[in-house]
Structures are given as C-alpha cells and as structure tokens.
Amino acid sequence: MKKLFFTLLLSVSVLSINAQTKEELQAQKSEKQAIADAAQGEANALQAKIDALPGWRKGAFGTIGGNLSNFNNWYSQGTPNNASGNIGFTVNGFANLIEDKFFWRNSLTTNLNWVKLDNKDNGTDADDSFEPSTDVFNISSLYGRNITKTLAISGLAEYRTTILDNFNDPGYLDVGVGATWTPVQNLIVVVHPLNYNFVFADGDSVFESSLGAKIVADYTRQLGAINFKTNLSAFQSYKSGDYSNWTWTNSFSYTLWKMIGVGFDFGLRSNKQEALNYSIETLGNTGETFDSVDNDLQSYYTFGLSYKF
C-alpha cells in the first residue's frame, strides 16, 4: 500500500509540474509576442516614413502559369493520342519619381500566353508549335506638377498594342493633358479632357483616330505578403461612341516563400473597332457595320505561380 500511495503521489506531482511548466511557457510566449508585435508596429511606422520620402520607387511582380500533357492510346477521350500545353506569364512593373513639387510615374503591364494542341492521329491539324493566345502590352508615363497635396496639372502618354502577333496593328497611343488626383498614397485618378487617341493599323478603314477624354484610375499596393494592382484606362471619343474603348486589368499575388507565391490575373476590355475588324477580317462578314456588330466583352485570366522583385 505504501508503494502504491507513493507512486500515485509521484504521478500527481509530475502532472502538476508539467501543467505549471506549460502555463509558464504560454505566459512567456505571450510576453515575447507582445514585444514582437510592438517592434513590428514600430518597423511598419518607420517604413511608412521611408515610403513618404522624395525619390524613386521601383518594383515588379507578376504570375507564371503553365501545363504540359501527353496522351498515348487514351481511348476514353475523343483524341486518344495528343500533346497539349499552355504557358504564360504576366509582368507588372513600375518606376515612380515622387518629389515635393512634381511626380513622374511610369508603368508597364504585359500578359503573354501560348497554347498548343497536336492531334497525332490527324496529319492536317496545326503543327505541334505553341501559338499565341493572350497578348497584352501596355506602357504609360504620367508627369504632373502639384497644385495642392492631392491635385496636380498633368500630362499622360499611354501606348497599348500586341507584341506576339500583329504588332502595332492595331496600336493605340493616347496623348493628353488635364488633372491628376491622388487622394491617398496608392490611388491615382487621371482626368484629361483634352486627349488625342492615335490608332495605328495597316490598310484598314475600320480604325480611326479621334479627339476625346481620357480617364485612368490606378491602385497599386503591398500589404504584407499580398501584392495587388488594379488599373482602369478609358477613352471617350468626342467624334463617336464607336471609337471609344476601355480596359480594366487586375493582378493579385500572395507570397508563400521568399519571393515565390501564387498569383491571379484577369482583364476585361470593350473596343467596338476591334470587334468590327474581327468580324470582317476573321469571320468574313464583309457587310458588317458599327450598327450591326456585336461588341462582346473581351476577357482573359491567368493563374499560377507568382514572383516579385
């Protein structure tokens, strides 16, 4: 009985010591976490002061996505012998000079994708090379002289085209002047009532340059491991609504390890001149006009690994 009693007493004592040790460790962890949180808050405040200093801000992030597959004698599908693939990447880069009296903001956005499908049993299908599927290229430069802390007189040059196929056919160059509003640090709103939209195209009467108004809204920010950018660029032609267009692009990335993570990009666009040109030149609807063409909403998305610099 004495041995049993002492054994039970020892077990209770060990459990009590372990419980106390766990509580003590949790208390120590809470103290250290509070110190770490306070230090991180101070570091964030210092970084905010650094970001507010005059000078250059540069950076880039984007998404890399792709897949490759090969099937041999896979009879459950319509093409049992085929090789297919899809690869693509996006780049969102910026170089901004921010000074007390003026700013100069430069940005680059591009989304390039290639796809292939080779039916090995069909000798007349497309070859096994990759063909462009998504082709977006946009570069802009905005200069402004500050009137107040949030308002500036500004000039903008923006160029949009494709680079993998039909480079500069069409291509769009917007050049205009007006005002830029920056209500918060990462939001830029450009309103240029005097803007000329130059349209470049080879031997086509569908595309036409015109005078109009340019509106751009851009928000780019990093929140911890999250990077995101949204940009809306719109042109309203004074000559005809048929020559107006808008493009809205969005990029998100979440860093998992060092500079690598997951990312998602999507974009929407409306351009009636492009819709009419596609209907006539590609679909062969030679009698199509601006009044009869269906200006369907254009869209794309890319999902894959992300990176940042």
Side-chain angles (χ1 to χ4, degrees), residues 60 62-63 88-96 104-114 132-143 154-178 180 188-204 206-220 229-251 265-278 281-282 295-302:
T63 303
F89 67 91
T90 65
V91 177
N92 297 280
F94 64 90
N96 301 330
W104 183 26
R105 298 178 179 271
N106 304 277
S107 67
L108 168 69
T109 299
T110 185
N111 187 320
L112 306 177
N113 278 267
W114 297 261
S133 58
T134 303
D135 193 354
V136 178
F137 180 83
N138 184 301
I139 187 169
S140 66
S141 183
L142 174 68
Y143 178 83
S154 58
L156 171 70
E158 181 184 72
Y159 178 67
R160 306 182 307 284
T161 187
T162 56
I163 58 177
L164 298 179
D165 192 17
N166 299 326
F167 174 72
N168 205 42
D169 185 24
Y172 305 89
L173 174 62
D174 281 293
V175 178
V177 294
T180 295
I188 303 166
V189 180
V190 179
V191 180
H192 286 177
L194 185 60
N195 180 92
Y196 200 83
N197 178 236
F198 295 92
V199 184
F200 308 100
D202 295 335
D204 199 310
V206 171
F207 297 98
E208 186 170 338
S209 304
S210 63
L211 182 68
K214 182 73 173 180
I215 298 175
V216 177
D218 183 280
Y219 189 75
T220 305
K229 175 185 178 67
T230 180
N231 179 279
L232 173 65
S233 178
F235 171 73
Q236 179 61 50
S237 174
Y238 293 147
K239 185 174 184 178
S240 171
D242 294 333
Y243 304 138
S244 302
N245 61 78
W246 60 265
T247 303
W248 183 35
T249 58
N250 301 268
S251 298
D265 293 74
F266 74 92
L268 302 173
R269 179 161 64 188
S270 176
N271 190 312
K272 203 168 187 179
Q273 294 182 90
E274 292 179 351
L276 179 57
N277 182 70
Y278 178 78
E281 299 297 330
T282 304
N295 185 23
D296 295 329
L297 184 66
Q298 304 175 44
S299 65
Y300 72 83
Y301 74 86
T302 302

> Which pair of non-hydrogen atoms, one from N113 and one from G88, has the smallest distance, and what is that distance?
Replying inline: OD1-CA, 3.4 Å
>> Quick one: does any side-chain atom of N138 pair with a main-chain N or O of E158 as donor and acceptor, under 3.5 Å?
In response: no
> Can you list the steps and then say if N106 with S141 is a side chain to side chain donor-acceptor pair (under 3.5 Å)?
Replying inline: CA-CA 4 Å; N106 304 277; S141 183; 2.8 Å; yes
> Which heavy atom in W104 sits nearest to a heavy atom in Y143, and how many Å separate them?
Replying inline: CB-CD1, 4.2 Å
>> Within a 6.0 Å radius of atom CH2 on W246, are there more than 12 heavy atoms belonging to other residues, nucleotides or ligands?
In response: yes
>> Any side-chain to backbone donor/acceptor pair from T162 onto V136? Under 3.5 Å, distance only.
In response: no
>> T90: which residues meet the side-chain hydrogen bond (donor to acceptor under 3.5 Å, both in side chains) condition with it, sequence neighbours left out?
In response: D265
> Would you find more than 12 non-hydrogen atoms of other residues, nucleotides or ligands less than 6.0 Å from Y196 atom OH?
Replying inline: yes
>> Applying side-chain hydrogen bond (donor to acceptor under 3.5 Å, both in side chains), can you list everything that pairs with D174, at least two apart in sequence or on another chain?
In response: R160, N195, N197, K214
> Between A201 and F207, which heavy-atom pair has the shortest distance, and what is it?
Replying inline: CB-CD1, 3.6 Å
> Looking at residues at least two apart in the chain, or sitting in another chain, which of them share a side chain to side chain contact (heavy atoms under 4.5 Å, CB included) with Y243?
Replying inline: E208, S210, S237, K239, S240, Q273, F290
>> Which residues pass the side chain to side chain contact (heavy atoms under 4.5 Å, CB included) test with A157, not counting sequence neighbours?
In response: none
> At what distance, to the nearest 0.5 angstrom, does CD of Q298 lie from CG of N245?
Replying inline: 9.5 Å
> Partners of K229 by side-chain hydrogen bond (donor to acceptor under 3.5 Å, both in side chains), sequence neighbours excluded?
Replying inline: D218, T220
>> Tell me whether the count of non-hydrogen atoms from other residues, nucleotides or ligands lying under 6.0 Å of OH in Y278 goes above 12.
In response: no
>> Can a side-chain donor-acceptor contact be found between N92 and S251 if the only test is distance below 3.5 angstrom?
In response: yes
> Taking the side chain from T161 and the backbone from P170, do they hold a donor-acceptor pair closer than 3.5 Å?
Replying inline: yes
> For N250, what residues pass the side chain to side chain contact (heavy atoms under 4.5 Å, CB included) criterion, not counting sequence neighbours?
Replying inline: T230, W248, F252, F266
> How close do H192 and S154 get, heavy atom to heavy atom, and via which atoms?
Replying inline: NE2-OG, 2.8 Å
